[in-house]
Amino acid sequence: VERCVITMMFFLPLTVLVCVVWFQWEVHQRTLNGSQFYTYQVCNVEEREQDNWLRTTFIQRHPSASRVFVELKFIVRDCNSFGEGTLTCKETFNLFTSESDADVGTTFRKGQFRKVATIAPDEITKRNEMHLNTETRYVENLSRKGFYLAFQDIGACVAIFSVRVFYKTCPATVKSLAVFPETVARGGEKQVLREVSGTCVENAESEEQPRIYCTLDGEWVVPVGQCQCKPGFEEAEDSCRECQPGFFKADASSSKCEPCPDNTQRLNPGASFCPCMAGFYRAHTDPITGPCSGLPSAPKDLEATSNHLPAGKLLLSWNPPEYTGGRDDITYSVLCQRCESFECKPCGEKIRYDPASMGLTVTRVSVSELDAHFNYTFTVEAHSGVSVLRINTTGLPFYPPRIASMRLVERDSTSLSLSWDVSPRQLVQSPSVHYELAYRKKDNKLDVTTYVVLKLERSSVKISDLAPGTAYLVKVQAFSSDGSSGGSSVEEQFETLSDEHLNKTGVILTSAVGGAIMLLLVIVILVLCRRSNSHARQGPEDAYFSNPEQLKPLKTYVDPHTYEDPNIAVLKFATEIHPSHITKQKVIGAGEFGEVYRGILKGPGRKEVAVAIKTLKPGYTEKQRQDFLSEASIMGQFTHQNIIRLEGVVTKFKHAMIVTEYMENGALDRYLRDHDGEFTSYQLLGMLRGIAAGMKYLSEMSYVHRDLAARNILVNTTLECKVSDFGLSRVLEDEPEGTYTTSGGKIPIRWTAPEAIAYRKFTSASDVWSFGIVMWEVMAFGERPYWDMSNHEVMKAINEAFRLPAPMDCPSAVYQLMLQCWLQDRSKRPRFGDIVSLLDKLLRSPDSLKTIADFDPRVSIRLPSTSGSDGSPFRSVSEWLESIKMNQYVENFTLAGVISMDQVLQMKTEDIRKIGVRLPGHLKRIAYSILGLKDQTSTLSVFAV
Ligand code: AMP
């Protein structure tokens, strides 16, 4: 049998052909061109009515190969060469095929074969010369598991040398940066071309799916759709490679990476844009591909003249700034302050400016309606398109920080405690604002004005070792992280108390001399330090010094429990307030230990400030009192724009209180639920950036929060978010979400990282997990994480690698960051520093927020929107609207005549808009709910993986 194997299958993964059935066909050995061949041959030319069959073994078919080619090599003898007696001689034979799902062995039924072709030689073999013919035919529309081929001889003299059976494929290829797999060329009349979908090579993308066609002959033709290298990548031989360091590519295109423009940073390879160098910015209207510009320097030569002008009027003029930051959109604004008894206030609306006080393009302005005999201070600021651009938590314009008011908190004979606010107009959004306070004795006899300069991280200070009964002049300047400042505050005068207890002049003298010596000492030390400190800012006329003591930042958080007596910790970290300085106004919340009030704090020599007052309910135990106050001991150690600020505590009276800054908009989860759909992703991201900055600060201080959740973030009127809730016992007792775990203690399961639940491994990395949940809460406008799933279901889902799906309308980059925060391996989660940088990056290029993460309303809106709470369809439009928390629109639906759920189901997004639902968030919520109603079959307990 082996000898009949004369096939060579080029493309064919089939088993070899074996000839098994023959009538009259014989195996012969032949020599052709010096080589030996075995052939099948038949030559009954002298007998009538020949019907000799030769059949192959079963040939298995590749499932995609519906058309196979059969290449035959054979010779046919010339009938004339046999002489007279061969009238029946033929010079052709037939090719047959029969399909089958199984090998039928040697069973042979002629009737099962269909004819494929009559095979005729191109050249007939004459007596002395042999002509080998090659003919190829195809068998198409094959559909069963395999087939047989058969050769029918009807009286010819034929020898078959070889049969090659094959099908054709288009080879795997890369075309226009798309990868196409090896594809079997189709057979059949209707499918001459086979459409094949491809995928873009790594780091390339395409708007439409790339496609190409495979011809019957195994050739690729007509590629459709072009893949392009993603931002940060350029094409290099059928692949996309990262831009080199110092180069960038902003879009998905076929262009090459370009060098980073002026004033930008050289990044690692693969940059999609070059971020501005510190101190340089791009305006919203500046292309991301363009250079960055610096902030303009201050206007020059500011002059005020009232000569020849009516009373109450003056003319301010100035020259353009020396440095425009490379921009030509410079404008000016004029600020006016009126100072009276060392207190400066904004001049108010009475003052008139011509042509205007803001947005000036000219360098002069006339000011009128000024009152006589008052000191006015005018500040002219130069702005450009980038002045308002620096990232802030609120998405509001940024202005360099400026001190609004300074006040005396406390004083005695040798010290002054001062605190100050930053102007509310110039919101300080930069988390790392620091201050330089400069003070000097008022009646300095030295001919040069010598200041002592303190560098400070917080907006308050206690200046010690001062001379009793002495007037000091103090000014403060605030700097943002990039070193910009809104200028120094007006110099204010504060006086130490004269030492009443020291009656004897000699003692007073000693003390004064001592104080002076101390001051001198400080100055001498500071002069030395100053010399080595090239970063300090120094005005030409002021000698500035810095106090090394004050430079030391508070590094690590101290656990108040490490104090034997927690009361000492409170005293150390919190200022004692006299209850008479506190006025409670209204209950605004309930904490574990008692009510929380809104109120007013008015300390001696201080302005009134709005505060939140936490109280300890009557009947407390000493342990509860200590736990209550431990929150103040912790909070008092933090000074950060995004951490709730402790004003002080009342511990020396029966009713203990904790007084903090007042956050007008209360808890974040509640606030977002009340303003569902009202903020853009950009604004939400601004809030998250603030929270991340606060958490970065806490993690740098080695403080692990353990209960980071939107309910523990407070929001003020400028939408600044601050981390709160630092009670030591809170995770154990005070947590409404707390659930007892097998490892002991109460844990807010939905917000807590798996390792913290499993074995109480609380770290900054577990805080990062919780931050991911807060991100989700914020982007979902206060939706409850994992909806109504039980804690047990949540833990199970998390352990099975399920994660919360993207909230509606959530930018893809933001959802990706959430998923990073929820990595099982805590060492792989980003750190808060990384999170802040990434959020800053996204905020700097709002375009990066345009790609929205996949959102499946059936999975992601776990509103009871698919059916009524009992699983039945909604009975009325109002019941449905209530279920999706949109009942404010009941009237809109009624007025528009939409009164049945059937009508609701017919509504398109445009119809919803027409009846008066305008907020995009609400519009989507309603539209998605309708979508969900239409698809009742979906199961809602599924998560995106
Ligand atoms: P807490 O015990 O800290 O969770 O406070 C209970 C509730 O009081 C919070 O959910 C807020 O609604 C409110 N609250 C607490 N502190 C402040 C604050 N500083 N400003 C405004 N509201 C606050």
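In each ligand, atom 1 is the first atom listed, and ligand 1 is the first ligand listed.
Looking at Val596, Asn716, Leu646 and measuring to atom 15 (C) of ligand 1, the nearest heavy atom belongs to Val596.
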Identify all side-chain donor-acceptor contacts of residues 651-658 below 3.5 Å with residues at least two apart in sequence or on another chain.
residue : atom : partner : partner atom : Å
Thr651  : OG1  : Glu576  : OE1          : 2.6

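Counting non-hydrogen atoms of neighbouring residues, nucleotides and ligands closer than 6.0 angstrom, the CZ atom of Arg670 reaches no more than 12 such neighbours.
Residues Glu777 and Arg784 are not paired through a salt bridge, judged by the lack of any N-O separation under 4.0 Å between the basic side chain and the carboxylate.
No cation-pi contact links Arg750 to Trp787, judged by a cut-off of 6.0 Å to the six-membered ring centre and 45° from its axis.
The shortest N or O to N or O distance between Glu661 and ligand 1 is under 3.5 Å. Any N or O atom pair closer than 3.5 Å counts here, and Lys614 shares at least one such pair with ligand 1. Of the N or O atoms in Gly589, none lie within a sub-3.5 Å distance of an N or O in ligand 1. Residue contacts with ligand 1: Glu631 is placed with no nitrogen or oxygen under 3.5 Å of a nitrogen or oxygen of the ligand (distance criterion only).
Close contacts of ligand 1 with Tyr662, meaning ligand atoms under 4.0 Å from a residue heavy atom, involve 20 (N), 21 (C).
Proximity of Leu714 to ligand 1, defined as any heavy-atom pair under 4.0 Å, is confined to the side chain (atoms from C-beta onward).
For Ser837, there are no side chain to side chain donor-acceptor pair (under 3.5 Å) partners at least two apart in sequence or on another chain.
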